[in-house]
Amino acid sequence: MSELPNTTTQIETSAAAICSSVHAAKRSGATVGFVPTMGALHQGHLSLVEASLAECDKTVVSIFVNPTQFSPNEDLESYPRPLEQDFRLLEKLGCWVVFAPPVEEVYRQKHETTIDVGSVALPWEGASRPEHFGGVATVVLKLFQIVPADRAYFGQKDYQQTLVIQQMVADLNIPVEIRVCPIVREPDGLAMSSRNAYLLPEERAQAGQLWKSLELAESLVAEGERRVTTIREKMKNLLASSEQIELEYLAFLAQGTVREVDAIEQPTVVALAARVGRVGRVGRVGRTRLLDNHTIGMKNEGRRAEATESRERGA
Ligand code: PAF
């Protein structure tokens with residue numbers, strides 16, 4: 001393993017070496033947490049690292065822009081790779097090892113296997129990006145073999161991805177605990193994402209509307225609205241007022257599933273994907289595709305609804 005000058009965080013590029021270091025740490029009684037990333041780290045990633053540091057003795061972060069989860073027309077080439085900056089951030093937090101392998105260390109030339117997790121990967125993101133979850137599940141399984149950690153940390157922002165990974169871990173008896181951590185937002189509510197860096201200032205200003213629409217859903221439910229058609233319509237109207245936002249899907253899903261509901265009678269994940277930017281924008285990557293989600297229909301919303309009603313009654 002090599003160390004950055006003046007750092008204690010180790011950088012590893014060899015799969016065999018990190019695997020044996022993790023086994024050795026576990027044999028010595030340490031718990032190991034693992035945060036798989038594609039780099040270009042922001043506060044969302046760092047919150048996963050912080051969760052691992054709080055719960056585990058040693059934390060491994062991988063930085064690997066996984067080619068198999070990008071379609072040929074996507075942003076694999078232009079995906080940001082500020083490696084040096086990422087290492088510094090992880091070192092500052094006290095991360096044990098950064099695993100940053102070259103592509104050929106993860107995928108041998110003759111690689112042909114793809115993990116298919118079944119129905120959870122088919123709708124929504126799976127429909128928009130048909131090869132995406134096969135690539136995600138395959139690389140995450142490989143990373144779990146290379147970094148046999150006790151716990152692995154993922155962000156709620158990629159809601160369907162967390163379901164795909166949980167399904168794979170359960171189906172294939174992978175001995176790792178999956179932790180899903182809350183979305184971290186910018187001050188205007190935009191969910192943190194490495195792809196936010198693609199937004200031009202005008203696009204960035206409008207992107208905050210995605211969160212506004214999710215907040216609207218939450219407040220409609222707090223006021224007593226239960227019908228998904230009504231909530232969806234109002235959210236779409238709000239987003240339609242931003243000329244640079246094009247909604248790709250807006251789904252109301254029973255929490256923990258990709259199954260749509262038509263009334264908010266239980267905790268429901270409102271998940272959306274949208275393109276942000278002018279139609280025909282060329283630039284480095286064209287229009288930016290962003291994801292967000294928010295859980296509504298939680299118990300405390302009932303209490304908020306009662307509070308609203310009693311305010312309206314003047315109680
Ligand atoms: O969420 C991501 O950054 C990626 O999909 C992951 C889980 C690191 C796999 O490449």
Side-chain angles (χ1 to χ4, degrees), residues 12 15 18 33-49 51-52 59-71 74-83 85-86 89-90 95 97-107 111 113-117 120-121 124-126 128-149 151-169 172 174 176-184 191-198 271 273 288-293:
E12 186 53 80
I18 181 69
F34 177 38
V35 184
T37 81
M38 298 207 300
L41 303 180
H42 49 67
Q43 196 47 50
H45 297 112
L46 301 185
S47 72
L48 305 180
V49 177
S52 172
T59 293
V60 179
V61 176
S62 64
I63 296 181
F64 180 64
V65 182
N66 172 38
T68 65
Q69 68 189 78
F70 291 78
S71 311
E74 291 184 339
D75 56 340
L76 173 63
E77 295 309 323
S78 52
Y79 199 85
R81 290 167 171 84
L83 260 185
Q85 184 185 309
D86 288 348
L89 288 169
L90 294 170
C95 169
V97 184
V98 178
F99 176 53
V103 173
E104 53 285 4
E105 184 68 9
V106 177
Y107 292 104
H111 180 100
T113 306
T114 298
I115 303 296
D116 176 354
V117 299
V120 70
W124 317 118
E125 281 307 285
S128 297
R129 308 175 71 193
E131 290 125 43
H132 177 65
F133 285 131
V136 169
T138 304
V139 80
V140 171
L141 177 57
K142 286 168 79 64
L143 289 169
F144 284 167
Q145 306 280 25
I146 295 169
V147 183
R151 301 188 186 105
Y153 296 78
F154 295 88
Q156 165 75 15
K157 184 182 74 71
D158 297 304
Y159 169 70
Q160 195 176 356
Q161 170 172 283
T162 66
L163 300 183
V164 163
I165 290 165
Q166 283 164 325
Q167 174 90 27
M168 175 182 78
V169 163
L172 301 182
I174 303 170
V176 62
E177 255 177 67
I178 301 299
R179 293 275 203 265
V180 178
C181 301
I183 298 176
V184 179
M192 291 205 181
S193 161
S194 305
R195 291 190 169 100
N196 292 352
Y198 296 155
T288 305
R289 188 169 184 279
L290 298 180
L291 304 186
D292 201 352
N293 69 81

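Numbering of ligands and ligand atoms starts at 1, following listing order.
In this structure, Val106 and Pro101 approach most closely via the heavy-atom pair CG2-CG, 3.6 Å.
Ranking protein heavy atoms by distance to atom 3 (O) of ligand 1, first place goes to Met38 CG, 3.7 Å. Summary of contacts: the protein heavy atom closest to atom 2 (C) of ligand 1 is Gln161 NE2, 3.9 Å. Among protein heavy atoms, atom 4 (C) of ligand 1 sits closest to Gln69 NE2, 3.7 Å.
Ligand 1 has no N or O atom lying under 3.5 Å from any N or O atom of Thr37, backbone or side chain.
The line from CD1 of Ile178 to CG of Leu163 is 12.0 Å long, rounded to the nearest 0.5 Å. To the nearest 0.5 angstrom, Thr138 atom OG1 is 10.0 Å from Gln69 atom CD.
No donor-acceptor distance shorter than 3.5 angstrom exists from the side chain of Ser128 to the backbone of Glu125, with no hydrogens or angles considered.
Set against the non-hydrogen atoms of Val139, the atoms of ligand 1 under 4.0 Å away are 9 (C), 10 (O).
By the 30° and 60° cut-offs, the orientation of the rings of Phe64 relative to Tyr107 is tilted.
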